[in-house]
Amino acid sequence: MAKPFYRLQRFLRRTQLLFLFLGVAYIMAGSVLLLQRAALVVSQRGLSLTSSFLPLPSLPAPPRALSGTPVVRVGPVGARLPGSPGRYRASQSDDRAGPQWLLSRNQEIRQLRRRWFHSLMSEQDMTRADPVTARRKAPHKGTYIGCFLDDAKDRALKGTVFYDFRRMTTSLCQDTCSESGYQFAGLEYGSECYCGNRIAGPRMREEECNLDCKGEKGSICGGVARLTIYKVEELLPGQRRYRNVRYRGCFRTPENMTAAAFVRAVKRNVTSQACIEVCMDQEYPLAILHKLQCFCGYATPVFSLHEPVGEELCAQANTTIPTAATNHLHCQVYQTPVQDSRCTERKFLPEKSSSLVALSSFPGAGNTWVRHLIELATGYYTGSYYFDGTLYNRGFKGEKDYWKSGRTICVKTHESGKRDIEMYDSSILLIRNPYRSLMAEFNRKCAGHLGYASDQHWKSKEWPEFVGSYASWWASHVLDWLRYGRHVLVVHYEELQDSLVPQLRVIANFLNASVTEERLLCAESNKDGHFKRSGARRPTFDPFTPDMRQLIDGYIGAVDQALRESNQTGLPPDYLPR
């Protein structure tokens, strides 16, 4: 009797332990599932909050090489730059050392693109679910005309064009067109503004203009290939303001004005201001005053505006006093605010390129300006290693494209490490006077892309620290690209300014892009674009101390020597002395 009882007791003990083990395992499994479900809910809420608060379609740019103090590299291993004994660390052969934010930049860029994509998809889904009907709740200063077709190959409004993918409003567009002397303002895609004096497209149904303005919800800013057009407020001739009229100079008149593509606008006794207004009304970028007659037209190979003559010849020609017949062979040329429409259309490459071309420069050297010129000359978008929402908002649509996609003709970069350089098959190396580059980059850091640093900024302790770090980076950037770059084309900013068309032709050939002479002349006419600091405002005092100049001058000498040893053109002579 005792033996069976002992066996039963032993069995119950084992069963008890088994049940205890199973109970613990069940509780643990339930806890894990509960935690996973809670984490999923939190992540979904986080994604929804992110999507709802992020502005569209632009986002703040991720940390970039030009946003912080760089790790200064001193060119080839073993090379030393003047003025830097023991102060700056030479680059390693594998170039892996650097600030911590550089190591995580690519991941941050991918996160920003992912957020932008989810937000864009959410906006598109909302558009599909709730079609927008034409509604105009906000008051407007101008008179609403209607909804019109806009063909990319033949614009309905052929004047000035500008973009703002975050803050576009009907008032902003109308004010811009009015200040440039145009009668009509048209808005498209919720963020694009077109100006003109004549409407070339047919009228469409009102419901086809159905996109809200990016900066003014409840107000319509066109649609897909549809323009919402307003007639701006009328201004008396004495009240008109012309922000972008530029005197091009005195030139020899072509023998046949008609063959030079000029149209006679006013026959006799016209002033320069009246001629400009007439050519603007007829939407021509050039106004030509010849023998008190007004002609309008474009720059062409027959009349390229590359060989100006003395002003005294035009002063004699455009007068009522009888003069020699030779004086009548010259004319005064003015650039109106009307954009030359021959080069304004841009697109991505029709086929992805297997060759990756860098447009490399030190920050502040004019990379954005050169991108603008390349896009005008070739008709293709340029890309960027970074994601700058401000540039994207200003019309650089290649800015949001993945830099390795192969859809852009070249890629902007400020990087200068060995590994960064060797990722490209060829490169355009843009070099600018370091004094101008340092000031331009300091202006950007203190006041944005179009602003200027104040005297307080220049007098602060940040400026000497900035020069101490960035001056050597200017030199090491050039030295690194000369050493590690493959198939490098050196372009000097100053030479591009002085000889724009020939330099653009060289760049286009390097990019294997076929361009016409008319398109190059068009790029020259529109060279300033809508993204350039106005004027050349400088601090009221010289911000460069003698020690700074001595340091920078040493770097200039080292870079000039390296360029010549690499069979490249040396630095322009005006770098030293200044």
Side-chain angles (χ1 to χ4, degrees), residues 158-161 179-182 195 240-266 270-319 327-344 369 372-373 376-377 494-505 516-530 532 534-536:
K158 296 181 173 61
T160 298
V161 182
E179 291 176 4
S180 297
Y182 292 102
C195 308
R240 293 182 179 179
R241 293 172 291 174
Y242 302 106
R243 298 182 300 175
N244 301 320
V245 172
R246 181 163 56 97
Y247 179 61
R248 297 294 299 270
C250 179
F251 297 88
R252 185 176 179 84
T253 306
E255 295 182 2
N256 189 334
M257 296 291 284
T258 304
F262 292 132
V263 176
R264 179 176 297 177
V266 180
V270 62
T271 63
S272 58
Q273 182 174 350
C275 183
I276 291 170
E277 292 184 3
V278 169
C279 293
M280 287 179 59
D281 289 340
Q282 297 189 19
E283 297 181 342
Y284 285 102
L286 295 183
I288 300 99
L289 192 63
H290 173 60
K291 292 193 299 185
L292 298 179
Q293 300 182 65
C294 179
F295 294 85
C296 307
Y298 302 89
T300 64
V302 179
F303 193 66
S304 63
L305 305 182
H306 291 159
E307 298 180 358
V309 298
E311 289 297 322
E312 65 277 2
L313 297 175
C314 282
Q316 295 174 7
N318 293 317
T319 179
N327 294 334
H328 289 202
L329 298 178
H330 301 89
C331 59
Q332 293 172 309
V333 181
Y334 295 86
Q335 186 88 39
T336 74
V338 177
Q339 280 193 326
D340 192 332
S341 58
R342 295 175 296 176
C343 63
T344 54
W369 177 59
H372 165 74
L373 294 175
L376 291 180
E494 292 77 14
E495 293 180 358
L496 187 60
Q497 280 187 315
D498 295 338
S499 184
L500 183 64
V501 170
Q503 289 291 317
L504 276 181
R505 190 180 291 111
T516 63
E517 192 70 18
E518 285 77 9
R519 194 169 185 102
L520 291 173
L521 294 173
C522 173
E524 184 181 42
S525 298
N526 299 338
K527 65 179 182 179
D528 289 340
H530 302 287
K532 186 179 180 182
S534 58

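Just the heavy atoms: all of them, side chains too, but no hydrogens, waters or symmetry mates, feed the values below. Fair warning: this is a prediction, and the values are worked out from it, not measured in the lab.
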Let me see the working for Cys314 and Cys250 under disulfide bond (SG atoms under 2.5 Å apart), right down to the final yes or no.
-> CA-CA 6 Å; Cys314 282; Cys250 179; 1.9 Å; yes
d(Glu255 CD, Leu329 CG) to nearest 0.5 Å is 9.0 Å
Nearest heavy-atom approach of Pro254 to Val302 is CB-CG1, 4.5 Å
With Tyr334 as partner, the option from Tyr247, Phe251, Phe295 fulfilling ring pair (Phe, Tyr, Trp, His ring centres under 6.0 Å) is Tyr247
Rounded to the nearest 0.5 Å, what separation is found between the NE2 atom of His290 and the CZ atom of Arg264?
-> 8.5 Å
Could you go step by step and tell me if Cys343 and Cys522 meet the disulfide bond (SG atoms under 2.5 Å apart) rule?
-> CA-CA 6 Å; Cys343 63; Cys522 173; 2.0 Å; yes
Separation between CZ (Arg246) and OG (Ser525), nearest 0.5 Å, reads 8.0 Å
Can you name the nearest heavy-atom pair linking His372 to Asn526, along with the distance?
-> NE2-O, 2.9 Å
Knowing that exactly one of Tyr284, Phe262, Phe303 qualifies, which makes a ring pair (Phe, Tyr, Trp, His ring centres under 6.0 Å) with Tyr298?
-> Tyr284
Quick one: are Glu517 and Arg505 in side-chain contact, heavy atoms under 4.5 Å?
-> yes
With rounding to the nearest 0.5 Å, note down the distance linking CG in Leu376 to CD in Glu524.
-> 11.5 Å
Scan for salt bridge (charged side-chain N to carboxylate O under 4.0 Å, His left out) pairs involving residues 330-340, sequence neighbours excluded, and state none if there are none.
-> Asp340-Arg342
Closest contact, heavy atoms only, Ala377 versus Leu520 | CB-CD2, 4.0 Å
4.5 Å side-chain heavy-atom contact, Glu495 and Gln503 | yes
Compare every heavy atom of Leu373 with every heavy atom of Leu500, then report the nearest pair and how far apart it is.
-> CD1-CD1, 3.5 Å
Sub-4.5 Å side-chain heavy-atom contact between Gln335 and Leu286 = yes
Between Cys294 and Cys275, is the SG-SG gap less than 2.5 Å?
-> yes
Taking side chain as C-beta onward, heavy atoms only, is Leu521 less than 4.5 Å from Pro301?
-> yes
To the nearest 0.5 Å, tell me how far Asp281 CG sits from Ile276 CD1.
-> 12.0 Å
Rounded to the nearest 0.5 angstrom, the CD-OG distance for Glu518 and Ser304 is 11.0 Å
